[in-house]
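In what follows, a structure is listed as structure tokens, so that the remarks can point back to it.
Within every chain, numbering begins at 1; the chains are lettered A, B, ... in the order of the sequence lines, protein sequences first and strands thereafter.
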Amino acid sequence: MSDRQLRALALPVAEAARMLIGCTITHGETSGAIVETEAYHESEPACHAFAGLTARTWPLFEAPEIAYVYRSYGVHALLNVVVEPAGVGAAVLIRALEPLSGIEQMRARRGRERPTDLCSGPGKLTQALGIGLDLNATSLLHGPIRLGPPLPGRGEPRVTIGERIGITRAVELPWRFCAAGNRNVSRPWPPGLVVGVA
DNA sequence: CATGGGATTGACT
DNA sequence: GTCAATCCCATGC
């Protein structure tokens, strides 16, 4: 992570979520570029931290640069980047990656062949990268999971902004960010959902 | 202490 | 389009 990237994690969560588009996630031999994120903040009821400091949510209130990994629907592990200063419950959900390396290992773990089936969803990408609940609250700077800056030569990705997916509360917040036109996003945009491009 | 509900996915009609 | 899997946690009695 560059100094600029590190400072971005202290920004308000929606800003951090947009900055993380294009950054890389690495675990072992597998890695990918982030193409879809969502912001979650303690002030709104879709965020786990809305419930306050509990046995489940405590990592959200730690200093940034650690992972928050939790079990979804009793089945999947979902990966978040904890952001904003310690004491503030906020995190960015990593919803999709563009596979970069270790693709054969991803195929083996996922039981799928097509590259767009490997990391095109928050539960898929943790399976493809071998990220489980045991990595909750671990450092994203020192590993085992590593967060890295965008690949050189790609330029600033165009980012589309819309409403978050799969939630029932605070649905109106425009806190979903996608690399424009990338085929690895978890779901295409329903007509009329896009509210802006950054 | 019982219960309900997901920041999802894949299989199936 | 529908639906089950599966389990931890938050909530409420």
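Contacts of A:I167 with the nucleic acid, taken as non-hydrogen atoms under 4.0 Å apart, involve only primed sugar atoms and P, OP1 or OP2. Across all strands shown, A:T168 has heavy atoms under 4.0 Å from sugar-phosphate atoms exclusively, and none from any base. Heavy atoms of A:R95 sit under 4.0 angstrom from primed sugar atoms or phosphate atoms, though from no base atom.
Nucleotide C:dC8 holds its P atom 15 Å from the CG atom of A:D134, rounded to whole Å. Atom C1' of nucleotide B:dA7 and atom CD of A:E42 are separated by 17 Å, given to the nearest angstrom. If you take CZ of A:R164 and P of B:dT8, they are 11 Å apart, rounded to a whole angstrom. As a whole-Å value, the separation of A:R169 CZ from C:dA10 P is 12 Å. Distance CD (A:E44) to P (B:dA7): 11 Å, rounded to an integer number of Å. Look at CH2 on A:W175: it is 13 Å from C1' on B:dA7, rounded to the nearest Å. If you take OH of A:Y73 and P of B:dG6, they are 7 Å apart, rounded to a whole angstrom. Summarising the geometry, the separation between CD on A:Q127 and C1' on B:dG10 is reported as 11 Å, rounded to the nearest angstrom.
Residue A:R187 places none of its side-chain N or O atoms closer than 4.0 Å to OP1 or OP2 of B:dA7. Within the structure, a side-chain polar atom (N or O) of A:H48 is placed less than 4.0 Å from OP1 or OP2 of B:dA7. Close to C:dA10, at under 4.0 Å from its OP1 or OP2, lies a side-chain N or O of A:T54. Remark: A:R71 is not in phosphate contact with B:dA7, judged by side-chain N or O atoms under 4.0 Å from OP1 or OP2.
Around atom CZ of A:R107, more than 12 heavy atoms belonging to other residues, nucleotides or ligands sit under 6.0 Å away.
Taking the nucleotide of DNA chain B with the nearest heavy atom to each of A:E38 and A:K124, the more 5' of the two is matched to A:E38.
When both distances must be under 3.5 Å, the Watson-Crick or G-U wobble mate of C:dT11 is B:dA2. Pairing partner, C:dA4: B:dT9, with both Watson-Crick or wobble hydrogen-bond distances short of 3.5 Å.
Comparing B:dG5 with C:dC13, their P atoms are spaced 14 Å from each other, to the whole Å. A distance of about 22 Å separates the P atoms of B:dA2 and C:dT6, rounded to the whole Å. C:dA5 and B:dT13 have their P atoms separated by 15 Å, given to the nearest Å.
Closest contact between the side chain of A:Y70 and the listed nucleotides B:dA7, C:dT6, B:dG10 involves B:dA7. Checked against B:dT9, C:dT6, C:dC9, the side chain of A:R56 finds its nearest nucleotide in C:dC9. Distances from the side chain of A:A51 to the nucleotides C:dA10, C:dA5, B:dA7 place C:dA10 closest. Distance from the side chain of A:V75 is smallest for C:dA5 among the nucleotides B:dT9, B:dA7, C:dA5. With distances taken from any side-chain atom of A:R110 to the nucleotides B:dG10, C:dT6, B:dT8, the minimum falls on B:dG10.
Ring centroid separation for the pair A:H48 and A:Y70 comes in under the 6.0 Å cut-off.
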Exercise. Evaluate the criterion side-chain contact (heavy atoms from CB on, under 4.5 Å) for residue pair A:K124 and A:R110; output intermediate values, then yes/no.
Key: CA-CA 7 Å; A:K124 298 176 186 177; A:R110 290 275 303 135; 3.5 Å; yes
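Looking at A:R176 and A:E163, no side-chain N of the basic residue comes within less than 4.0 Å of a carboxylate O on the acidic one, giving no salt bridge. Between A:E44 and A:R164, at least one side-chain N (NZ, or NE/NH1/NH2) sits under 4.0 Å from a carboxylate O, which counts as a salt bridge. Using a 4.0 Å cut-off between a side-chain N of Lys or Arg and a carboxylate O of Asp or Glu, A:R95 and A:E38 qualify as a salt bridge.
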